[in-house]
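Structure, as structure tokens:
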Amino acid sequence: ADETEKAVCHYMTELNNHELLYAGYPLSFGGDVWSWLKERATLVRLYTNTTGADWTSSVGWAGNTDHCTWEGVTCSTDFQVTELALAENNLVGAYPTDLNSLPLLASVSTSKNNMVGLIPYDLWIRSSGQQGLNSHGDSQNCPNILDTTTGTYLDGCCDTVEVSTS
């Protein structure tokens with residue numbers, strides 16, 4: 001974990017990693033720069049902790065362009081992350097614990113990857129608590145209860161549960 005934080009810190013402190021800031025503070029930026037930077041750190045941590053260099057597709061990730069243009073990332077008009085579409089992308093490692101720091105996140109799809117651990121409780125509450133988060137994950141990450149009579153997962157943490165094969 002310490003190595004990850006060092007890598008994230010190094011990435012975030014290198015001006016060349018943030019095209020938006022090349023010419024100084026972007027007065028014409030349509031969002032909150034501080035929020036944008038915090039969300040960027042969360043995404044870089046996700047990339048680092050799930051072996052992003054080995055993802056099936058990681059166009060733009062941990063590069064210098066606006067993270068709203070990174071593959072699988074969708075943002076609002078004020079540059080806040082609203083969706084992460086990372087299904088079937090070879091994410092390997094622990095399920096991210098800080099996705100709840102993306103306040104406008106409305107959809108997260110991480111199914112058919114190789115992440116371990118459960119979706120964190122604070123994110124689970126946003127999904128199952130009618131707070132507008134749609135989550136799609138693997139059975140190894142979603143604590144939904146399996147109805148053995150029907151073979152389907154009951155409502156719970158994830159809106160859609162894929163049966164884990166790993």
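This one's a predicted model, so the numbers in the text were calculated from it and none came from an experiment.
Tracing side-chain contacts under 4.5 Å through hydrophobic residues (I, L, V, M, F, W, Y), one reaches Phe29 starting from Trp70; they form part of the same cluster. Linking ILVMFWY side-chain heavy atoms closer than 4.5 Å, directly or via other members, places Val92 and Tyr47 in two distinct hydrophobic clusters.
Atom SG of Cys9 and atom CD of Glu14 lie 10.0 Å apart (nearest 0.5 Å). Once rounded to the nearest 0.5 Å, the distance linking CG of Asn17 with NE2 of His10 reads 7.0 Å. Asp78 CG to Asp32 CG: the interatomic distance, rounded to the nearest 0.5 Å, is 8.5 Å. Distance check: Leu20 CG to Ser28 OG gives 8.0 Å after rounding to the nearest 0.5 Å. Atoms CG and CG, from Leu102 and Leu43 in turn, are 6.0 Å apart once rounded to the nearest 0.5 Å. A distance of 12.0 Å separates CD of Glu39 from CZ of Phe79, quoted to the nearest 0.5 Å.
Of all the heavy atoms in Val33 and Pro26, the pair that sits closest is CG2-CG, 3.9 Å. When all heavy atoms of Gln80 and Pro103 are compared, the closest pair comes out as NE2-CG, 3.7 Å. Pairing each heavy atom of Leu104 with each of Ser76, the nearest pair is CD1-OG, 4.1 Å. Here the closest non-hydrogen pair linking Thr48 and Ala7 is CG2-CB, 4.4 Å.
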Pair Glu19-Thr65, side chain to side chain donor-acceptor pair (under 3.5 Å): steps then yes or no: CA-CA 6 Å; Glu19 182 179 65; Thr65 59; 5.8 Å; no
Side chain to side chain contact (heavy atoms under 4.5 Å, CB included) between Val59 and Ser57, worked out: CA-CA 6 Å; Val59 175; Ser57 185; 4.1 Å; yes
Verdict with reasoning, Asn49 to Thr4, per side chain to side chain donor-acceptor pair (under 3.5 Å): CA-CA 7 Å; Asn49 281 337; Thr4 295; 2.8 Å; yes
Audit row: Thr42, Ser101, side chain to side chain donor-acceptor pair (under 3.5 Å) steps and yes/no: CA-CA 7 Å; Thr42 298; Ser101 66; 3.0 Å; yes
Check against side chain to side chain donor-acceptor pair (under 3.5 Å), Tyr22 and Asn16: CA-CA 7 Å; Tyr22 282 176; Asn16 289 336; 5.2 Å; no
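The closest side-chain heavy-atom distance from Arg40 to Tyr11 is below 4.5 Å. Looking at heavy atoms from C-beta onward, Ser109 lies out of side-chain contact with Leu86 at the 4.5 angstrom threshold. At a threshold of 4.5 Å between non-hydrogen side-chain atoms, the residues Arg45 and Asp98 count as touching. Using a 4.5 Å heavy-atom threshold, the side chains of Val81 and Thr74 count as separate. Under the 4.5 Å side-chain criterion, counting only non-hydrogen atoms from C-beta, Val108 is in contact with Leu84. Between Leu21 and Leu37, the closest side-chain pair of non-hydrogen atoms falls below 4.5 Å. Proximity of Asp66 to His18: side-chain heavy atoms (C-beta onward) are nowhere separated by under 4.5 Å. Using a 4.5 Å heavy-atom cutoff, the side chains of Glu71 and Ser58 are not in contact.
For Trp61, the side chain to side chain donor-acceptor pair (under 3.5 Å) test picks out no residue, with sequence neighbours left out. Under the side chain to side chain donor-acceptor pair (under 3.5 Å) criterion, Asp54 pairs with no residue, sequence neighbours left out.
Evaluated for a side-chain contact (heavy atoms from CB on, under 4.5 Å) with Tyr95, the options Asn113, Thr110, Val116 yield exactly one hit, Thr110.
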